[in-house]
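What's counted below: heavy atoms across the whole structure, side chains too, no hydrogens, waters or symmetry copies.
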Amino acid sequence: MQQTGPVTNEADVATARTNLQTLIDDPTSTEQDLKNAMTELATAVTAAKTDRTTTNNEANKAITTATNGDQSAAPAVQTAIQNLKDVMATAASDSPDALTADIATATAALQQAVADEDAAQETARAAAATALSETAPVSNETAVASEINALQNVLQDPKATAAEITAAVTALQSAVQTDTGTRNTADDAAATAIADAENSSLQNEPQIENAIANLNAIRERAAADSSASLTADIIAATDALRQAMTDVAQYQADARADAAEAQQATTTDGTTVHPEIADSKAVSEDTQTALTDAVTALNDALKNPDTPYADIKTATDKVFEAGGKALTEAATPYSDNATVESALATMQTTLADPDATAAEKHAAMDSLRATFADASAALTDAKTAAQDALSKTAPVSNETAVKDTADKLQSLLADPTATKTAIEDATKALNQAVADANTARDAANQAADKLADQAQQSAGSGDPAVVAALAKLQKVQAAAATDSPEALTQDIAAATQALQQALDAVNSARDAANDAIAQAKPVSYESAVAAAIKHLQQALADPATSTPDLDKAVNAVKTATQAAKVDRDAANQAADAMRQAATKTGQNDPTVQAAVTKLAKLQQLAATDNQDALTADIKAATDALKVAMQAVDDVRTAADTLLGQTKPVSHEGAVADASKQLRVLLAGNAAEGDIKSAMQTLQTALDKAKPARQQAQSQATDLLTQVQNSPVRNEPAVQEMMQRLQAVMAAADQDDPKALTQDILNAMQDLQTAFNNAQAARDTANQDATALKNSVPADMSDTIKDAWNRLADVQAKASRGEATTADVVAATKALADTIGQNNGIVSGPQARQAQQNAELATLGATYQPTMTTLPAAIQAGYTAIPSGYLPYTGAGVLPYTATGRTLAAGTANRVLPDTGQNTMSYLTAIGVFLFASNMFMLFAARRKREVEED
């Protein structure tokens, strides 16, 4: 009962315990009942512990997996891990509050928490990827960029929890939303500012245009999610635009305020010149016109809300200048009036003061003008003057100032209540307006006429745009001269300006044309450039050439020039490279050097824009240099080829010397001519050496064939010399330096000598053998006959080359020995037998010493053939001619005539002498060469 922990409270164990305890408490329980209950309890405990162990193992495995997994940091997972550990600890204490099933349940809860966290992480990472892809166009804003970085840092941690990822995503989305709203607000404000600027009267102001362009550029970059343009940049650029509008508006307001001062100083209503000016006959028409034009120009500038303030200021200055001049002239009739003069001086000083304000200038002019009232003429004079002024308004009647002042004067004249001052002022205003208008008209016409003369005399007088502008100007002038309301002074000025613009465009185009021609150097004479220049010059010479056509011709010159310069640069680079290469190849060759010099001079001349030195000439000279260099390379290649063709005579004296000289030249930087000369020397040597070698080889082959087909071919001396000749020929074919043509000829001479000696020895041996055979009587003994037949057989074989001279000599000696050993062994009459026996005995005795020395002499002759080479005379194969000897008549029966002399001994002595003499000569010659070679 005490050993049931830690599974005491498991159901089966608890039941078994209860059953056992009941039996224990029951006094009627038997021992067997208790044993059975105890067995049941033990079985239940064992099963429960096994189940507990298995469950704990699974729980520990789940804890390890969760702890090491990417979801371990999630609160739910951590809670589940701790809960499982707590359950396991409680269960281990045998608590009824934590059973095996509770451990299994906590394990499943942990596994589910891990699975839930894994799914949540995947969902969160997918949301993060989406959020990261949706940050444009505010990705680079500080808050968004920071949150992007934070989110990416979280994503880089594989153990980041779904909550952490979601929090980072939420922060990023919030930042994107906030910055997008800020961006949209800034962009809307920018668009509004741009619209305000473009729809305002300040749209043409340079500062405004620049500010708009800058703001648009920033907005475009910002819309493209550029880090170079953020919302703050849009706001700053928007503020800059609005500030520019504010500043320019102030400049505009100031300029218009000054303009209003000028208008008030010179006009009554901003348009009509004050009567004191307009009605004053003292004011010249030029001055009136100048003032009217200035006032008109200022009015035009003010009427146009888009006029830049700088233009308004300029027009204002002109009005003050013209008004001051007009007032000065108007004050002339009152020059004796101190008040007028004082006011005039004050006005002039004020107008000349660069620091004087418009209000001060206005006040000074008004002060002067106010003094005119006290000096006005009588009313009648004023009316007469007025009528006179009204009749003289053409051709500027329709000019605004003139028309307005005339209408006012007419009204005053029709008004019986009009005062003298009013009439005089109105009259003066009219006069002034007419004068100013006429002055302006005259100035406009003079400027127009002058410009028209310039246009007609200009090089571009026939340009369609100039012709059209001139015609329009003349038409406007003609209409204006008729006092047409459709042709005012400002129309003349506008038409004049249009003509000036047309002339400026033509002059600009012609200046560009002349500049293009000047810029064509140093390739102006290249065909395409020259043609384009010619066409352009023709266009310039034709006054009717239009500006577009001229521009087209200019572009043609520029295009051709650029292409020609590129071609020239490429040609010069190639030429420089070729000249540099020439310093390594053929630097001493006259042709190459001449080509280098010519090319360099051509390049220098071409650089001065010379028509005799074009790009094609540079290319041609470069090609010529290349050809010259190639010629040097070719001759060197040919020289190398020729050197490779010297075998098998490369070691022949003249060939070897010529080859050595040619290699020396090739090793240096020799000129082509020197190399060719050396090649010719080598070729000449080869032309001699190769045929000589071929002839020697052919003659040697013929000699070998002749010897091979001769009966003495197997003589040892002949065989040795044949083998020597063949070895020399084979070595010579391999270009052996020790086997030259002369060596072949020497070996031939040695073979020929050996052959001749062998032939001589063979003839001598045959002659001796034949003489001996012929000396033997027909009725010789069988023993002698056998020796005689053997000798005849050996001679026959020797004639076929199947036996040597030594064999003939040996057989002859054998016959002689046999004869000496068989004296008297002959048939026939007794007396003749005795005689022949005596002769044979003598013959045998006489021949015996000769046969003894002959083989030694023959052997000496074979071995005495030199190992060196005899000089060859060039006479070809030396034929062998045996010395002919004719036997005495009557020897056909082989019986020598009885002369009382020993014929055999005589012949043998001669043969031995000849053979030994030849052998001695060969030996002496060999020794001589060996000494010379040593």
Side-chain angles (χ1 to χ4, degrees), residues 578-599 623-703 725 727-749 868-877 929 932-933:
M578 192 62 68
R579 287 194 292 111
Q580 179 63 30
T583 63
K584 300 179 180 179
T585 300
Q587 63 181 357
N588 294 326
D589 187 78
T591 303
V592 172
Q593 288 306 306
V596 169
T597 300
K598 180 179 179 181
L599 177 56
D623 290 341
L625 175 55
K626 182 178 180 181
V627 169
M629 292 169 62
Q630 187 61 48
V632 173
D633 289 339
D634 290 346
V635 78
R636 285 177 170 270
T637 300
D640 288 335
T641 301
L642 182 59
L643 285 170
Q645 296 172 348
T646 58
K647 294 181 179 181
V649 294
S650 65
H651 300 291
E652 297 293 336
V655 174
D657 292 343
S659 296
K660 180 178 180 181
Q661 180 59 31
L662 181 54
R663 286 192 174 93
V664 169
L665 292 176
L666 291 177
N669 208 342
E672 177 187 358
D674 294 338
I675 296 175
K676 284 185 175 179
S677 177
M679 288 174 63
Q680 184 59 48
T681 300
L682 176 57
Q683 187 62 59
T684 300
L686 288 173
D687 291 344
K688 292 180 180 179
K690 284 190 175 181
R693 172 65 62 82
Q694 292 170 357
Q695 181 182 10
Q697 294 279 35
S698 177
Q699 290 175 346
T701 300
D702 291 343
L703 178 57
L725 176 56
V728 171
M729 291 173 66
D733 284 341
Q734 297 302 315
D735 201 29
D736 191 327
K738 296 181 180 180
L740 306 181
T741 300
Q742 187 59 51
D743 296 324
I744 297 174
L745 297 177
N746 291 342
M748 287 173 59
Q749 183 63 55
Y869 308 110
L870 292 174
Y872 179 62
T873 62
V877 178
R929 280 196 303 275
E932 290 174 347
E933 289 175 354

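A donor-acceptor contact shorter than 3.5 Å links the side chain of D743 to the backbone of L740. In this structure a side-chain-to-backbone donor-acceptor pair under 3.5 Å is missing from S698 to Q694. The closest donor-acceptor contact from the side chain of H651 to the backbone of K738 lies at 3.5 Å or more, if one exists at all.
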| task | Give the intermediate values and the outcome of side chain to side chain contact (heavy atoms under 4.5 Å, CB included) for residues K690 and V655. | result | CA-CA 10 Å; K690 284 190 175 181; V655 174; over 6 Å; no
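Among pairs with a residue in residues 674-684, those fulfilling salt bridge (Lys or Arg N to Asp or Glu O under 4.0 Å) read E672-K676, at least two apart in sequence or across chains. Screening residues 646-662 for salt bridge (Lys or Arg N to Asp or Glu O under 4.0 Å) gives E652-R693 as the qualifying pairs, with residues at least two apart or on separate chains.
The side chain to side chain contact (heavy atoms under 4.5 Å, CB included) test applied to K626 returns M578, not counting sequence neighbours. When the side chain to side chain contact (heavy atoms under 4.5 Å, CB included) test is applied to A678, the partners found at least two apart in sequence or on another chain are L662, L665. Not counting sequence neighbours, the partners of T597 by the side chain to side chain contact (heavy atoms under 4.5 Å, CB included) test are K601. In this structure, the side chain to side chain contact (heavy atoms under 4.5 Å, CB included) partners of T684, at least two apart in sequence or on a different chain, are Q680, K688.
In this structure, A731 and A739 approach most closely via the heavy-atom pair CB-CB, 3.5 Å. A732 and P648 make their closest contact through O-CB, 3.1 Å (heavy atoms, listed as atom of the first residue, atom of the second, distance). When all heavy atoms of M748 and A696 are compared, the closest pair comes out as SD-O, 3.6 Å. A pairwise comparison of heavy atoms in T741 and A689 identifies OG1-O, 4.4 Å as the closest pair.
Taking CG from L643 and CE from M679, the interatomic distance works out to 8.5 Å, rounded to the nearest 0.5 Å. Atom CG of L642 and atom CG of L682 lie 4.0 Å apart (nearest 0.5 Å). Summarising the geometry, atom CG belonging to D733 is positioned 4.5 Å from atom CD belonging to Q697; distances are rounded to the nearest 0.5 Å.
Within the 4.5 Å cutoff, the side chain of Q699 has heavy atoms near those of the L745 side chain. Counting heavy atoms from C-beta on, the side chains of R579 and L599 come closer than 4.5 Å.
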